[in-house]
Each structure stands twice: as C-alpha cells, then as structure tokens.
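Data first, discussion second: the structure below is written as structure tokens.
Reckoned from all heavy atoms, side chains included, excluding hydrogens, waters and symmetry mates.
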Amino acid sequence: MHRGDILNLLAKHQPIDETEKDMLIGMVEFIKTNPDCFKRELLKGHITGSSWIVDIRNGKTLLTHHAKLNRWLQLGGHADGDTNILQVALKEAKEESGLSDISPIASPVFDVDVHKIPEHKGVSEHYHYDVRFLFEADSEEEFVVSDESNDLAWIEMASLPMMLQDESMLRMYKKAKIVLDM
C-alpha cells in the first residue's frame with residue numbers, strides 16, 4: 001500500500017497544541033511502521049477519515065449522535081484500504097448524511113486525533129488514527145440519518161462548548177472558529 005500521500009499531507013499539518021502534536025508524531029510513526037495501516041483488519045488500529053462539516057453562512061456544524069459510541073461526534077469512518085484519506089472523509093460524510101453538496105475548505109488536514117475504540121460485537125479494542133478535514137455544506141439541504149447514527153443535527157457553533165465534553169471535539173470547534181473567523 002502506498003503511504004507517501006498521507007505522510008506528505010501530515011508533514012504539512014500544523015498542530016494547534018502539544019496534545020495534537022504528540023498525536024501527529026504517533027500517527028506518523030504508526031503509518032511508517034504498518035504498511036497495512038489503511039485496513040480495518042489491522043487489529044491494533046487503523047487509519048480513519050473524518051469531516052468537520054460547517055455551514056459558515058448560518059454558523060452551524062453537522063454532528064452525528066453515533067450509535068455505537070452513544071455520543072455526538074463528527075462524521076467519518078474507515079479507510080478500508082483506500083489510501084486517499086480526503087476521499088475517504090468525503091465519502092463517509094456523504095454516506096452518513098445523505099448530503100450531496102459537500103466541499104473541502106481551508107488547509108488540507110484540519111485536525112488529527114488518536115483515540116481508543118472500545119470492544120464491540122467481537123471486535124477487540126483498538127485505536128483509530130483519525131485524519132480530519134474541514135468541509136462546508138448548506139444546513140438547509142435535507143439530510144438523512146444513516147443506520148450508523150441515532151441522530152444527525154445541525155448545531156449552532158456558539159452552543160458547542162456547553163454541549164461537548166470530548167477534548168478533540170472542542171479542539172476542532174476552536175480551530176473552526178479561528179479558521180472561519182466565526
């Protein structure tokens with residue numbers, strides 16, 4: 001599998017804090033030492049692609065209430081062997097939202113995060129090495145809740161700090177405010 005493209009993307013990424021910097025270093029090392037890092041069959045962990053989707057005009061972000069993890073998160077999923085992680089994030093965003101008009105904005109990589117996924121239905125605990133991108137969509141376009149979600153919602157950016165507890169979600173919120181001047 002070709003890993004050069006993702007390593008080039010990550011080499012250009014500027015972490016916002018020491019936590020993200022440490023995760024970026026760990027992610028790069030993981031990719032360099034695991035040729036099959038894009039396959040979910042790699043049981044210790046694998047690359048995933050996610051989307052922080054915003055409607056700049058209306059000051060909202062689209063979040064999913066994840067069915068397995070039972071909390072509000074950005075949309076995203078497994079690479080399943082695809083080495084074009086931007087395409088993975090875009091495909092997952094469209095599949096999980098039903099939105100047809102989603103466009104990338106800002107720098108190539110928006111955020112990186114390494115997080116533990118608990119054991120679920122016989123799949124052992126493992127890590128997601130998540131590469132996240134910033135996308136724009138129209139909150140007035142009708143969305144569809146997929147079977148991976150309990151719910152989808154366009155949420156006012158201003159209400160996110162009271163709603164979110166996850167450090168990585170709050171980090172993306174802060175970055176979006178900076179990048180989009182919201």
ILVMFWY network linking [X] to [Y], side-chain heavy atoms under 4.5 angstrom:
X: L7; Y: L9; answer: yes
X: M163; Y: V54; answer: yes
X: I16; Y: V109; answer: no
X: L170; Y: L160; answer: yes

Quick one: closest heavy-atom pair of [X] and [Y], and the distance?
X: D82; Y: F38; answer: O-CD2, 3.4 Å
X: H126; Y: S124; answer: ND1-O, 2.8 Å
X: A176; Y: M157; answer: CB-CE, 3.6 Å
X: V88; Y: G77; answer: CG1-O, 4.0 Å
X: E141; Y: D101; answer: OE1-N, 3.6 Å
X: H2; Y: T83; answer: O-CG2, 3.3 Å

Under 3.5 Å side-chain donor-acceptor pair for [X] and [Y]:
X: H65; Y: D151; answer: no
X: D113; Y: H115; answer: yes
X: S50; Y: Q74; answer: yes
X: E96; Y: T64; answer: no
X: E20; Y: H13; answer: yes

Does [X], at its [atom1] atom, have more than 12 non-hydrogen atoms belonging to other residues, nucleotides or ligands within less than 6.0 Å?
X: Q165; atom1: CD; result: no
X: Y127; atom1: OH; result: no
X: D181; atom1: CG; result: no
X: E167; atom1: CD; result: no

- Query: Can you name the one residue among N58, T61, I155, I53 that meets side-chain contact (heavy atoms from CB on, under 4.5 Å) with S139?
  - Reply: N58
- Apply side-chain contact (heavy atoms from CB on, under 4.5 Å) to V112 and D130, showing your working. CA-CA 6 Å; V112 297; D130 198 26; over 6 Å; no
Look up atom [atom1] in [X] and atom [atom2] in [Y], then write down how far apart they are to the nearest 0.5 Å.
X: L164; Y: M172; atom1: CG; atom2: CE; value: 8.5 Å
X: K32; Y: L10; atom1: NZ; atom2: CG; value: 10.0 Å
X: N70; Y: H66; atom1: CG; atom2: NE2; value: 10.5 Å
X: N150; Y: R71; atom1: CG; atom2: CZ; value: 13.0 Å
X: D111; Y: R132; atom1: CG; atom2: CZ; value: 5.0 Å
X: K94; Y: S146; atom1: NZ; atom2: OG; value: 15.5 Å

- Hey, what's the ring geometry for H128 with H78, parallel, tilted or perpendicular (30° and 60° as the breaks)? perpendicular
Flag side-chain contact, heavy atom, 4.5 Å: [X] against [Y]:
X: F133; Y: P104; value: no
X: Y129; Y: V28; value: no
X: L86; Y: N84; value: yes
X: M23; Y: T19; value: yes
X: V131; Y: T48; value: no

- Query: Would D5 and I85 count as a side-chain contact (heavy atoms from CB on, under 4.5 Å) if you check the C-alpha gap in whole Å, the side-chain angles of each, and the deciding distance to 0.1 Å?
  - Reply: CA-CA 9 Å; D5 290 343; I85 203 64; over 6 Å; no
- Item | Residue pair E140, R57: steps toward the salt bridge (charged side-chain N to carboxylate O under 4.0 Å, His left out) verdict | CA-CA 11 Å; E140 294 176 14; R57 185 175 42 98; 3.7 Å; yes
- Partners meeting side-chain contact (heavy atoms from CB on, under 4.5 Å) with F143 (sequence neighbours left out):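 Listed in chain order: L62, L99, V145, L152, W154.
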- Query: Can K175 be said to sit on top of F110's aromatic six-ring, NZ or CZ under 6.0 Å from centre and within 45° of the ring axis?
  - Reply: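 Relative to the ring axis of F110, which defines the angle, K175 lies inside both limits.
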- Item | Verdict with reasoning, L63 to L75, per side-chain contact (heavy atoms from CB on, under 4.5 Å) | CA-CA 7 Å; L63 298 180; L75 285 72; 5.7 Å; no
- Step-by-step side-chain contact (heavy atoms from CB on, under 4.5 Å) determination, R3 to C37: CA-CA 9 Å; R3 294 169 283 162; C37 62; 4.1 Å; yes
- Message: Under a 4.0 Å threshold between the charged nitrogen and the carboxylate oxygen, would D166 count as salt-bridged to R171?
- Response: no
- Query: Is any side-chain N of the basic residue among R40 and D80 closer than 4.0 Å to the acidic one's carboxylate O?
  - Reply: yes
